[in-house]
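What follows is a set of notes on a single structure, which appears directly below.
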Amino acid sequence: MLADQLNAISGRFDLAAQDAVYRAIFTRRDVRSHFLPDPIDDDVLARLLLAAHHAPSVGFMQPWDFIVIRDCERRERVRDLFVAAREQELPEVAEERRELYRKLKLEGICESPLNLVVTCDRSRSESSPLGRWHNPEMDLFSTVCAVQNFWLAARSEGVGVGWVSILERQALKRLLGIPDHVVPVAYLCVGHVSEFADKPDLERHGWGRRLPLADLIMSEVYSGQGEEALKAAATRISGLPASG
């Protein structure tokens, strides 16, 4: 009881809540397969969007909008854009990796029951330069925070999310009628799934690996040496379930 009271005073979550947050973070996956045909209940989708809408935004600009796409024909047309964009991307992949690239499952546009486009309205905060005067791209970064909130909330609900980035932006804007001043930041495939993989697909298939956290920690300046105790702690806890 005393621990609960101290947590309430400090704003710290109890251990069960902390574990739930870290579990969502560590088991979140970019889902491209295993989608089920079951529709997502509107109450569930509304909760996920509410989580996205409560993302941090510089200057409280809230630049995001959410386009829900359910129509099968429209999603097929988006998938056509993906196929064309993938063919354009292929020559840029190192020759020795092209065979693996062709085998990778990189989207679930038509397999998922719905798609969601998260956009950034770059005119929404024109009247207030707060936080954007020196860094005008902060509205885009804020929108990415909304995507992350949506993704983590979805994981807690057992809903899979896959981000399709292989799309030519202007072609997508024309297809969806997105005006010039609005940027499509994320095209997401959303749906219940039969399973969440224990590792990211690209790691499982040998495309890449997670970098050691300790190698990414610098002290005071870029490439600054130091923080040995912190690096040792990062190495010690990496790969372990977070608790407390």
Side-chain angles (χ1 to χ4, degrees), residues 10-13 18 21-22 24-26 28 30 45-69 78 81-82 85 88-89 92 115-156 161-190 200 208 210-227 230-231 234 242:
S10 68
R12 180 178 180 178
F13 290 5
Q18 288 180 36
V21 171
Y22 284 116
I25 292 171
F26 292 139
R28 179 208 60 79
D30 189 359
L45 183 56
R47 286 197 296 271
L48 304 185
L49 292 173
L50 185 62
H53 187 44
H54 278 71
S57 65
V58 173
F60 203 44
M61 64 181 72
Q62 306 166 77
W64 43 70
D65 290 292
F66 308 99
I67 306 173
V68 179
I69 304 176
V78 174
L81 295 182
F82 163 81
Q88 293 171 343
E89 185 175 78
E92 304 303 319
N115 296 172
L116 180 76
V117 185
V118 185
T119 64
C120 176
D121 184 340
R122 308 212 67 186
S123 70
R124 188 161 295 169
S125 58
E126 283 182 342
S127 61
S128 174
L130 176 61
R132 289 187 64 198
W133 182 255
H134 296 95
N135 297 287
E137 69 277 8
M138 293 309 297
D139 54 347
L140 296 169
F141 297 163
S142 296
T143 304
V144 173
C145 290
V147 176
Q148 179 77 333
N149 270 21
F150 182 91
W151 216 332
L152 293 176
R155 180 63 189 88
S156 76
V161 177
W163 187 331
V164 183
S165 60
I166 305 175
L167 291 168
E168 201 282 309
R169 179 180 293 173
Q170 292 305 318
L172 182 66
K173 291 181 70 167
R174 288 192 296 270
L175 177 60
L176 301 182
I178 298 174
D180 290 342
H181 66 280
V182 175
V183 176
V185 171
Y187 193 99
L188 306 177
C189 306
V190 184
R210 192 172 301 281
L211 300 175
L213 173 57
D215 293 351
L216 310 177
I217 297 173
M218 305 173 187
S219 179
E220 305 296 342
V221 296
Y222 195 85
S223 296
Q225 301 301 306
E227 296 292 350
L230 175 60
K231 293 176 182 178

I need the minimum non-hydrogen distance between Cys145 and Pro56, along with the two atoms involved. CB-O, 3.9 Å
Measuring from atom CZ of Arg124 to atom NE2 of His181, what distance do you get when rounded to the nearest 0.5 angstrom? 8.0 Å
Mind listing the closest non-hydrogen atom pair of Arg28 and Trp151 along with its distance? NH1-CZ2, 3.2 Å
CD-CZ distance between Glu89 and Phe82, expressed to the nearest 0.5 angstrom: 8.5 Å
Could you check whether any side-chain heavy atom of Leu176 comes within less than 4.5 Å of a side-chain heavy atom of Ile69, counting everything from C-beta outward? yes
Begin with the C-alpha distance, continue with both residues' side-chain angles, and end with the deciding distance and a verdict on side-chain contact (heavy atoms from CB on, under 4.5 Å) for Val183 and Leu140. CA-CA 8 Å; Val183 176; Leu140 296 169; 4.2 Å; yes
Closest non-hydrogen atom pair between Ala214 and Ala234, with its separation: N-CB, 4.5 Å
Counting only heavy atoms from other residues, nucleotides and ligands, does the tally under 6.0 Å from CG of Asp215 exceed 12? yes
d(Leu50 CG, Leu45 CG) to nearest 0.5 Å is 11.0 Å
Nearest 0.5 Å, what's the CZ-OG distance between Arg132 and Ser142? 9.0 Å
Got a donor-acceptor contact below 3.5 angstrom from the Glu168 side chain to the Ala85 backbone? no
Looking at every non-hydrogen atom in both residues, tell me the closest pair between Pro184 and Val117 and how far apart they are. CB-CG1, 4.1 Å
Do side-chain atoms of Asn149 reach the backbone of Ala51 as a donor and acceptor pair under 3.5 angstrom? yes
Can you tell me how far apart CZ (Phe150) and CH2 (Trp163) are? Round to the nearest 0.5 Å. 12.0 Å
Between OH on residue Tyr187 and CD1 on residue Ile67, distance to nearest 0.5 Å: 9.5 Å
Apply the test side-chain contact (heavy atoms from CB on, under 4.5 Å) to residues Leu49 and Leu116: give CA-CA distance (whole Å), side-chain angles for both, the deciding distance (0.1 Å), then the verdict. CA-CA 10 Å; Leu49 292 173; Leu116 180 76; 4.0 Å; yes
Minimal non-hydrogen separation, Gly162 against Asp30, with atom names: CA-OD1, 3.0 Å
Please answer whether the main-chain N or O of Pro136 pairs with a side-chain N or O of Arg122 as donor and acceptor at a distance below 3.5 Å. yes
Do the ring planes of His53 and Trp64 sit parallel (below 30°), tilted (30 to 60°) or perpendicular (above 60°)? perpendicular
Quick check: closest heavy atoms across Val78 and Leu175, and the distance to 0.1 Å? CG2-CD2, 3.5 Å
Determine whether a donor-acceptor pair (N or O, by modelled atom type, separation under 3.5 Å) exists between the side chain of Asn135 and the backbone of Glu137. no
Could you tell me whether the side chain of Gln225 and the main chain of Ser223 form a donor-acceptor pair under 3.5 Å? yes
